[in-house]
Amino acid sequence: MKDETAPATVMLVDDTPANLRYLQKMLRDKGYRVVAFPKGRAALNAAIKNPPDIILLDILMPEMDGFEVCSRLKADPGLSKIPVLFISALAEGDDKARAFAAGGVDYVTKPFEEKEVLSRVETHLRLYHLTQNLENSVQERTAQLLESNQSLQEEIATRKKAEQQLRVQRAMLQSVFDGIAEPVMLVDRDMHLKLFNKPASQYYQGIGITLEQGKRPCPDHRRVDRQACSSCNLPECVSQGEYLTVERNGLGDPEAIEQLVVYPLEEAGIKTGDVIIRITDITQERRLAQEMAQADKLIALGTVVAGVAHEINNPNHIILLNTPIVSDVWRGISPVIDKHCDSDGDFSISDLPYREIKEEIPRLLTGIESSANRIKKIVDVLKNYSTKHEGLNLKPMDLTEAVKNTLLLVQHRIKKSTTRFSIAYGEDLPAVKADCNKLEQVFVNLISNALDALPDSNCGVFVETLFDRKKRRVVFEVRDEGRGIEERDIHRIMDPFFTTRRNAGGTGLGLAIAKQIVDHHGGRLEVESAAGQGSTFRVALPALV
């Protein structure tokens with residue numbers, strides 16, 4: 001039997017000498033006994049001879065990576081219960097899921113913080129020793145019942161003692177739970193709470209729910225079935241009793257993204273039916289990934305646009321330069337040709353009678369010039385979209401003034417497009433930090449799109465500004481009674497080059513550019529729409545308060 005007063009033994013496995021030295025010093029300074037190995041195979045052999053209390057394991061190693069080392073440890077009955085903490089520079093969700101699937105109990109991403117590593121080592125050592133104590137207590141109690149025929153009073157006394165021990169152990173387990181920064185809950189298969197930590201209690205209080213043992217941590221406690229709410233599939237995951245990692249929208253903030261990890265508990269290799277649930281906010285991770293993907297697209301697009309713009313602009317410039325000259329020549333020569341036609345009779349040009357095409361030629365030249373100008377506009381829009389919005393002139397500004405300036409720019413289009421236009425300004429709006437010119441560009445685009453969507457002038461467009469106090473943001477909203485957007489298109493409407501108005505001259509970049517500008521202001525561009533029922537676009541910017 002191991003001397004419990006002796007320092008815990010921590011095994012380090014990492015092929016980077018600097019990491020080993022750093023972790024060795026950190027852990028030895030805290031009184032732990034440390035053994036270190038640069039290769040997985042050597043660590044496995046050493047663990048078989050002298051099992052450590054806990055293992056800190058790197059993933060990327062030669063010959064045998066951390067996943068394989070962990071799997072072999074868990075396959076050995078003598079080593080399977082030793083907690084394994086993965087410490088790796090791999091930060092993707094798939095890598096973490098694979099680490100837990102291999103048998104790891106936790107995952108620390110490099111570069112790590114000393115306090116975090118020590119806290120997690122201490123937490124999992126306590127869990128490990130607590131589990132061993134629980135198993136030893138159960139084994140000892142079973143042996144006592146099998147080997148002796150004690151009196152009823154002795155049995156009652158022993159049971160009371162065991163219950164007291166369980167209360168102490170439960171208190172210890174509760175303290176371990178409370179030491180974890182993320183919401184953690186222990187529930188049975190029917191989602192009844194058995195244990196939860198302080199972050200879990202605070203998390204649910206934020207959505208108006210007070211957690212209580214024996215009740216379900218769900219927004220509707222009246223539900224007697226295990227059917228999941230529309231925004232959450234947690235009960236279904238728990239009922240399966242398998243290790244699972246799923247994602248959902250936040251219960252308190254639908255715009256947040258949460259990762260739920262479900263750990264089924266086992267006793268002697270048999271699942272108990274209880275599971276531990278951990279909730280992690282991964283919103284920032286997802287947004288960073290999206291921003292990186294968008295940045296990659298812009299770099300690729302910028303490269304293509306630079307070449308295309310050069311190749312298109314040169315010949316298009318010649319067209320724009322020469323078309324007015326040809327038009328002037330035609331205006332000058334047409335009276336001479338008309339006189340010739342009147343005196344000598346009609347004649348053919350390219351197998352067509354002159355009298356038939358003389359009115360068509362000015363329209364053809366006008367069409368050529370108009371098309372060339374449209375090409376120039378599209379190229380300019382492409383260049384603008386693919387250029388990073390650096391050097392924005394961000395200043396505190398009144399959103400109402402920006403909207404008033406915008407309406408001056410589009411008032412002619414408003415009068416031409418609808419007889420029902422209204423504007424409602426919110427009172428006492430906080431200032432926002434923005435580039436006024438860029439913001440007005442967004443407002444012009446959204447109002448113009450709303451006007452273009454109207455089937456006739458009897459349909460209306462309604463503009464409003466307001467302050468969302470709950471989310472501390474100032475909102476510019478445009479609602480129209482237009483054709484609306486099909487459900488299949490709603491998630492693509494802000495993608496570059498996607499447009500439902502291709503035949504009407506749409507480029508598919510207006511909303512993409514608007515979203516890009518709003519994103520660079522730290523805001524959000526939101527849309528609600530249904531086919532035949534109109535659309536609502538909102539620009540939400542952080543308030544300066």
Side-chain angles (χ1 to χ4, degrees), residues 170-171 173-240 244-265 273-287 426-430 464 466-475 477 522-528 536 538-545:
R170 184 183 183 86
L173 183 59
Q174 181 68 60
S175 67
V176 171
F177 266 40
D178 288 339
I180 299 174
E182 298 167 330
V184 178
M185 300 176 290
L186 175 63
V187 300
D188 63 19
R189 187 160 291 186
D190 291 318
M191 283 289 292
H192 293 113
L193 276 169
K194 288 189 170 184
L195 206 64
F196 53 89
N197 67 351
K198 292 179 181 177
S201 178
Q202 294 167 353
Y203 171 84
Y204 278 95
Q205 283 178 357
I207 56 175
I209 297 175
T210 300
L211 295 185
E212 297 181 49
Q213 290 189 12
K215 292 187 177 181
R216 295 187 180 94
C218 299
D220 189 350
H221 291 302
R222 294 170 295 178
R223 299 179 70 96
V224 296
D225 56 15
R226 289 206 301 260
Q227 296 298 316
C229 300
S230 59
S231 61
C232 175
N233 55 359
L234 183 57
E236 179 183 355
C237 296
V238 170
S239 66
Q240 294 177 19
L244 290 169
T245 300
V246 295
E247 293 182 9
R248 72 177 183 192
N249 292 332
L251 297 184
D253 181 4
E255 296 177 0
I257 303 173
E258 297 174 345
Q259 182 185 73
L260 305 178
V261 182
V262 178
Y263 304 87
L265 297 187
D274 295 341
V275 299
I276 293 177
I277 302 167
R278 187 174 72 182
I279 304 173
T280 305
D281 188 333
I282 59 171
T283 307
Q284 193 63 23
E285 288 183 30
R286 290 290 179 269
R287 287 179 180 171
E427 296 182 358
D428 300 324
L429 295 182
E464 182 180 4
L466 55 96
F467 178 42
D468 184 344
R469 296 184 181 278
K470 182 179 180 180
K471 296 184 178 180
R472 313 301 297 172
R473 54 185 201 169
V474 181
V475 179
E477 181 177 288
R524 288 179 60 83
L525 178 56
E526 303 167 347
V527 58
E528 294 177 5
T536 300
R538 296 185 192 87
V539 175
L541 300 172
L544 286 177
V545 290

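For this chain, numbers begin at 1 and follow the sequence in order.
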Q. Under the side chain to side chain contact (heavy atoms under 4.5 Å, CB included) criterion, do Arg538 and Leu525 qualify, and how do the steps go?
A. CA-CA 6 Å; Arg538 296 185 192 87; Leu525 178 56; over 6 Å; no
Q. What's the verdict on side chain to side chain contact (heavy atoms under 4.5 Å, CB included) for Tyr203 and Ile279, showing C-alpha distance, side-chain angles and the deciding distance?
A. CA-CA 9 Å; Tyr203 171 84; Ile279 304 173; 4.1 Å; yes
Q) Should Val527 and Thr536 be marked as a side chain to side chain contact (heavy atoms under 4.5 Å, CB included) after you check the CA-CA gap, both sets of side-chain angles, and the distance that decides it? A) CA-CA 6 Å; Val527 58; Thr536 300; over 6 Å; no
Q | Intermediate values then yes/no, side chain to side chain contact (heavy atoms under 4.5 Å, CB included), Leu193 and Leu186 | A | CA-CA 6 Å; Leu193 276 169; Leu186 175 63; over 6 Å; no
**Q.** Verdict with supporting geometry, Thr280 and Glu182, side-chain hydrogen bond (donor to acceptor under 3.5 Å, both in side chains)
**A.** CA-CA 6 Å; Thr280 305; Glu182 298 167 330; 3.1 Å; yes
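Taken from NE2 in His192 to CD in Glu212, the straight-line distance is 12.0 Å, to the nearest 0.5 Å. Between Ile277 atom CD1 and Asp274 atom CG the span is 10.5 Å, to the nearest 0.5 Å. For the atom pair CZ (Arg473) and CZ (Arg524), the distance works out to 7.0 Å, reported to the nearest 0.5 Å. To the nearest 0.5 Å, atoms NZ (Lys198) and CD1 (Ile180) are separated by 13.5 Å. Leu466 contributes atom CG, which lies 6.5 Å from atom CD of Glu477 (distance to the nearest 0.5 angstrom). Note that the CG atom of Leu429 and the CG atom of Leu541 stand 11.5 Å from one another [nearest 0.5 Å].
The two residues Pro430 and Ala543 come nearest to each other via the heavy atoms CB-CB, 3.9 Å.
Side-chain N or O atoms of Asp281 include none that pairs as donor or acceptor with a backbone N or O of Glu258 at under 3.5 Å. Between the side chain of Asp468 and the backbone N or O of Val475, no donor-acceptor pair lies under 3.5 Å.
By the neighbour-count criterion of 12 heavy atoms within 6.0 Å, atom CD of Glu427 is sparsely surrounded, having that number or fewer from other residues, nucleotides or ligands.
Under the 4.0 Å criterion applied to side-chain N and carboxylate O atoms, Asp188 and Lys194 are not assigned as salt-bridge partners. No salt bridge links Glu526 with Lys471; every basic N to acidic carboxylate O contact stays at or beyond 4.0 Å.
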